[in-house]
Amino acid sequence: MTEYIQPARVRFAPSPTGFLHIGGARTALYDYLLAHQTGGAFVLRIEDTDQKRYQESAEQDIKDALTWMGIQPDEGPDQGGPYAPYRQSQRIDIYREQAERLIENGQAYYCFCTPERLEKVRKEQQKNNQTPHYDGTCRNLDSEESARRAAAGEPHVIRFKAPREGQTTAVDALRGEITVDNSTLDDMILIKSSGLAVYHLAAMVDDHLMGITHVFRGSEWLPTFPIHVLIYRALGWEEPIWVHLSVLLKPDGKGKMSKRDTELAREQGFPIFMKDMEELGYIPEAVINWIALMGWSYDDKTEFFTLEDLVEKFSVEKLNPSPAAINFSKLDHFNGLHIRQLAVEDFASRIKPWFEKADLHPEDEMLIQVAAALQNRTPKLTEVVDMGGFFFRDQVKLEVERVVTPKMSAVQAAEAAGRILDLFQGLDEINQENAEGPLRELASGMGLKAGQIFGLLREALTGQKVSPPIFDIIPILGRKTVTQRLENARDLLRIEADKSSG
RNA sequence: GCCCCCAUCGUCUAGGGGACCAGGACAUGACCCUUUCAAGGUCAAGACCGGAGUUCGAAUCUCCGUGGGGGCACCA
């Protein structure tokens, strides 16, 4: 655990443009971990300054996802807090004020260039193999004149006056110093002609005003990192600790997840959006463990972590700056691990909805027993109905072709079913202790292998080829059901036997 | 085209000059356990991108190359 002198105030600042995906969830997780580890605050801030890309449902999806993961913000649009409002669209005046401060200091300026002209300039630069940059037309306009034009209502944006000479050094917690030549910097737009601020200004202003101590963000911000540092400095503020997280790559490691890949993954049953996790049978404990380990590690052997473990053990220093390919099979592994770790009652309550969705309605007492039988063979919740649905169905149907094989005729199978029935009826209690031996004897007596008898029994009781162990199943089903299913199986096999002999 | 970042098994990673003929996990293969499927156990295979330096000594430091990724909007 890292020693932080001050409680960290960390913010998760998504823009509501779509569903929360793995990458965003991971950033939020790290935010939460550091905040909780230091007794600080986890702040949710909605960065909705882009009216074009805004999606009404997105904010709710993000909140739902955080709730599902069990990482609730301490401050945010819903919980409020000392720095409200937490939605950037409600903080327009604040950005404007800061931008004007920058203009007064000569660190920003009004720009009256039209988007059309800008586009033309950009095309031209690209044609000449130059880096597209603002050409500086309005950079040196007379300030009083500019102010007058702006005040008169002439359409304008506000641009940052980036230095043209020298170098700028910014410090990232994972990469150390990053130095760029100022000549490569652009005069970024701070305030759009609509009056709304752009990320470059809004995020900096909010981070400072909200007392943010650590900024976790994606590495796609690295190229504009020096600009952000310059804006902080121009405003006269002390910088937070910057932490640029590595990007998440496609499973094959070639490129980051695109929209197309996302759809493809979804088709193949791979979850990219947090909203899909539950539906695909993953539990939050596993997802959190899995996500935490993409870009962070604890030591050379420990990999199983609960949220509490992570709060205790997380540290910025152990974050890995290199890009990581998403490994879905590891998610499955963690899911199984965490499922097995659950208390049976807990597991039972989580699988209940799945049975109900399949129109199966287990009673709680029986559900617990079923849960116990299913728990260590359930990699994903989606599979519990396939594996354990037979417990709750009125009847099951033995698959004749799986029982009657070249090695066991229908006649033999029918006879075996009858004998198992007889055997069970002679037993006070059908359990492994007093039934397994006789069953094996029965098999050898008929010239069959034990596996054939157990296979037949399994088919008769479950209608499935695979199931939990037979002697785990029998007490749950109860003698009556066991007898019935066995009788049905025997009858079915007799019909089959008649067919083949006739 | 320009700028920035990254670089250990197929994948996620440990490693921060000698403890490394490089450790763990997933996936893969084999075996054990076994009434099926899992789980579990054992074992196997599998990597320091290349080249120069620095150093008595480099996976670890520096530089160059290469490869990969990201960015270059009145989007975040």
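Chain letters run A, B, ... following the sequence lines, proteins first and then strands; every chain starts at 1.
A 3.5 Å limit on both hydrogen-bonding distances identifies B:U62 as the Watson-Crick or G-U partner of B:A52. Judged by Watson-Crick or G-U wobble contacts below 3.5 Å, the nucleotide B:C37 has no partner. Pair assignment for B:C20: none, as no Watson-Crick or G-U wobble contacts are both less than 3.5 Å. Both distances falling under 3.5 Å, in either a Watson-Crick or a G-U wobble arrangement, place B:C72 opposite B:G1. B:A14 is unpaired under the criterion used here, namely a Watson-Crick or G-U wobble arrangement in which both key atom distances are under 3.5 Å. Under the Watson-Crick or G-U wobble criterion, with both distances below 3.5 Å, B:C43 is paired with B:G29.
Atom name P, nucleotides B:G24 and B:C43: the rounded distance is 10 Å, in whole Å. When the C1' atom is compared between B:G1 and B:G16, the two are found 37 Å apart, to the nearest whole Å. On the P atoms, B:C21 is 31 Å away from B:G29, given to the nearest whole Å. Comparing the P positions of B:A27 and B:C74 gives an interatomic distance of 47 Å, to the nearest angstrom. Separating the C1' atom of B:A39 from that of B:C32 is a span of 14 Å, rounded to the nearest Å. On the C1' atoms, B:G15 is 12 Å away from B:A58, given to the nearest whole Å. Comparing B:U28 with B:U66, their C1' atoms sit 30 Å apart, to the nearest whole Å. Rounded to the nearest Å, the gap between the P atom of B:C3 and that of B:C64 is 13 Å.
Residue A:E177 contributes atom CD, which lies 12 Å from atom P of B:C5 at whole-angstrom precision. Taking atom CD on A:E124 and atom C1' on B:C72, their separation rounds to 17 Å, with Å as the unit. As a whole-Å value, the separation of A:E116 CD from B:A73 P is 16 Å. Per the geometry, CH2 belonging to A:W221 stands 15 Å off C1' belonging to B:C4, to the nearest Å. Rounded to an integer number of Å, the gap from CD1 of A:I227 to P of B:A73 is 12 Å. For the pair A:E119 CD and B:C75 P, the interatomic distance rounds to 13 Å; values are reported in whole Å. Per the geometry, CZ belonging to A:R117 stands 15 Å off P belonging to B:A73, to the nearest Å. What separates CG of A:L201 from C1' of B:A73 is a distance of 16 Å, to the nearest Å.
Residue pairs satisfying the ring pair (Phe, Tyr, Trp, His ring centres under 6.0 Å) criterion with at least one member in residues 452-472 of chain A, sequence neighbours excluded, are absent. Listed by first and then second residue, the ring pair (Phe, Tyr, Trp, His ring centres under 6.0 Å) pairs involving residues 174-206 of chain A are A:Y199-A:W221, A:Y199-A:H228, A:H200-A:H228 (not counting sequence neighbours). Listed by first and then second residue, the side chain to side chain donor-acceptor pair (under 3.5 Å) pairs involving residues 437-459 of chain A are A:R402-A:E459, A:E436-A:R440, A:R458-A:S467 (not counting sequence neighbours).
Partners of A:E383 according to the salt bridge (Lys or Arg N to Asp or Glu O under 4.0 Å) rule, which considers only residues two or more places apart in sequence or in another chain, do not exist here.
Between A:E100 and A:R96 there is a salt bridge, with a side-chain nitrogen of the basic residue lying less than 4.0 Å from a carboxylate oxygen of the acidic one. The pair A:R91-A:D206 counts as a salt bridge, with a side-chain nitrogen and a carboxylate oxygen less than 4.0 angstrom apart. The pair A:D187-A:R139 meets the salt-bridge criterion, since a charged nitrogen lies less than 4.0 angstrom from a carboxylate oxygen.
Taking 4.0 angstrom as the limit, A:R122 places none of its side-chain polar atoms (N or O) nearer than this to OP1 or OP2 of B:G1. Listed pair A:T49 / B:A76 meets the phosphate criterion, a side-chain N or O lying under 4.0 Å from OP1 or OP2. Contact between the side-chain N/O atoms of A:K52 and the OP1/OP2 oxygens of B:A76 is not found at any separation under 4.0 Å.
Within the nucleic acid shown, A:V198 comes within 4.0 Å of sugar-phosphate atoms alone, with no base atom in reach, counting heavy atoms only. At the heavy-atom level, A:L331 lies nowhere under 4.0 Å from the strands shown. Using a 4.0 Å heavy-atom cutoff across all strands shown, A:S193 reaches at least one base atom of the nucleic acid.
Of the two residues contacting RNA chain B, namely A:F334 and A:D50, the nearest-nucleotide position lying further toward the 5' end is that of A:F334. Both A:L249 and A:H156 lie near RNA chain B, and the one whose nearest nucleotide falls closer to the 5' end is A:L249.
With hydrogens and angles ignored, no donor-acceptor pair closer than 3.5 Å exists between the side chain of A:K330 and the base of B:A27.
Listed for the A:D299 side chain is a donor-acceptor partner under 3.5 Å among the backbone atoms of A:K301.
In this structure, A:F305 has its ring center no closer than 6.0 Å to that of A:W290.
Ranking B:A76, B:C75, B:C4 by closeness to the A:E220 side chain, first place goes to B:A76. For A:P132, the side-chain atoms get nearest to B:C72 when compared with the rest of B:A76, B:C26, B:C72. The side chain of A:R53 approaches B:C75 more closely than any other nucleotide in the set B:C75, B:C74, B:C5.
Both the sub-6.0 Å distance and the 45° axial angle are satisfied by A:R159 relative to the ring of A:Y134. For the pair A:R45 and A:F12, the cation-pi test (distance below 6.0 Å, angle within 45°) is failed.
Using a 30° and 60° split on the angle between ring planes, A:H338 and A:F304 fall in the parallel class, below 30°.
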So if I define the base as every atom that isn't primed, P, OP1 or OP2, how would nucleotides 13-22 of chain B read as a B/S/- string at a heavy-atom cutoff under 4.0 Å?
SSS-------
Which atoms of nucleotides 34-43 of chain B (N or O only) lie under 3.5 Å from a protein N or O atom, and what are those distances?
| from | atom 1 | to | atom 2 | distance (Å) |
| --- | --- | --- | --- | --- |
| B:U35 | OP1 | A:R440 | NH2 | 2.0 |
| B:U35 | O2 | A:R458 | NH2 | 2.8 |
| B:U36 | O4' | A:R458 | NH1 | 3.4 |
| B:U36 | N1 | A:R458 | NH1 | 3.4 |
| B:U36 | N1 | A:R458 | NH2 | 3.4 |
| B:U36 | O2 | A:S467 | N | 2.8 |
| B:U36 | O2 | A:S467 | O | 3.0 |
| B:U36 | N3 | A:R458 | NH2 | 3.2 |
| B:U36 | N3 | A:S467 | O | 2.5 |
| B:U36 | O4 | A:P469 | N | 3.1 |
| B:C37 | O2 | A:R377 | NH1 | 2.8 |
| B:C37 | N3 | A:R377 | NH1 | 2.2 |
| B:A39 | O3' | A:R340 | NH1 | 3.0 |
| B:G40 | OP1 | A:R340 | NH1 | 3.4 |

